[in-house]
Every structure is written in structure tokens, then in C-alpha cells.
Amino acid sequence: MITARQSRAARALLGWNQETLADKAQVSLTALKRLESASGLEVYETTRDQVRRALEGNGILLLTTDQGEGVMVVRGKIDKR
């Protein structure tokens, strides 16, 4: 499951704004803003999945361990389009 912090961090690594990620994930901007909200708003799991797939498809690896969470860019996987 992608977290709000992972989504924001991944966007920063890719240099994307919320509009770009919403477009690439094919979710509404409102849904993405809810996902990235720090106040823990309810978000459909399908929205989380679409955002995760859009980020992973552009070279982002989501990391989750018992010590925390993070994101990493996999070299050579960033979509230059």
C-alpha cells in the first residue's frame, strides 16, 4: 500500500506536480489530493493501486520495512516523455 508520504516523495524525485501524477495514474486530482493528505482521509484502494502502478512504471521503487518506509528511483527506468 502506498502512503501519502511515499507518493509525495516519489513525485518530488520525478519532478512531477500533482496534476501530472493524477494524469499518469488516471485518477482525479481530488482523489490524489486525498491520498496525499496528511490528515489520513479515506481513499479507495483502487486509487492507491493506480498511483502506485504509475509511479512504479516510471522507475519508482516503494520501500516498506519494519523500520519505516521510503522511495527510490531505479536508474534507467525514468520515463523521459
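Sequential numbering from 1 along the given sequence is applied to the chain's residues. Since the model is a prediction, treat every value here as computed from it, not as a measurement.
Here Glu36 pairs with Arg11 in a salt bridge; the nearest charged N to carboxylate O distance falls below 4.0 Å.
No side-chain heavy atom of Val74 sits less than 4.5 Å from a side-chain heavy atom of Ile60. Counting only heavy atoms from C-beta outward, the side chains of Val71 and Leu61 never approach each other to under 4.5 Å. No side-chain heavy atom of Tyr44 sits under 4.5 Å from any side-chain heavy atom of Val27. At a threshold of 4.5 Å between non-hydrogen side-chain atoms, the residues Met1 and Arg52 do not count as touching. In this structure, Thr64 and Gln6 have side chains that are in contact, with non-hydrogen atoms separated by less than 4.5 Å.
Interatomic distance, OG1 of Thr47 versus CD of Gln26, reported as 12.0 Å (0.5 Å rounding). One distance of note links CG of Leu63 with CE of Met72; it measures 6.0 Å at 0.5 Å rounding. Here CG of Leu35 is found 10.0 Å from CD of Gln18. Values are rounded to the nearest 0.5 Å.
Between the Ser37 side chain and the Ser39 main chain, a donor and an acceptor come within less than 3.5 Å of each other. A donor-acceptor pair under 3.5 Å is formed between the side chain of Arg48 and the backbone N or O of Ile2.
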Next item on the list: Could you go through the side chain to side chain contact (heavy atoms under 4.5 Å, CB included) check for Leu55 and Trp16 one step at a time?
Entry: CA-CA 10 Å; Leu55 293 170; Trp16 292 357; 4.0 Å; yes
Item checked: Audit row: Ser28, Thr30, side chain to side chain donor-acceptor pair (under 3.5 Å) steps and yes/no -> CA-CA 5 Å; Ser28 72; Thr30 300; 4.7 Å; no
Note to self: side chain to side chain donor-acceptor pair (under 3.5 Å) for Thr20 and Asn17? Distances and angles first, verdict last.
What the structure shows: CA-CA 5 Å; Thr20 300; Asn17 59 28; 2.9 Å; yes
Next item on the list: Apply the test side chain to side chain donor-acceptor pair (under 3.5 Å) to residues Thr3 and Glu69: give CA-CA distance (whole Å), side-chain angles for both, the deciding distance (0.1 Å), then the verdict.
Entry: CA-CA 9 Å; Thr3 66; Glu69 62 195 29; 3.0 Å; yes
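The two atoms that bring Ala22 and Leu32 nearest to each other are N-CD2, 3.8 Å, heavy atoms only.
Within a 6.0 Å radius of CD in Glu42, other residues, nucleotides and ligands contribute 12 heavy atoms or fewer. Atom CD of Gln67 has 12 or fewer neighbouring heavy atoms from other residues, nucleotides or ligands inside a 6.0 Å radius.
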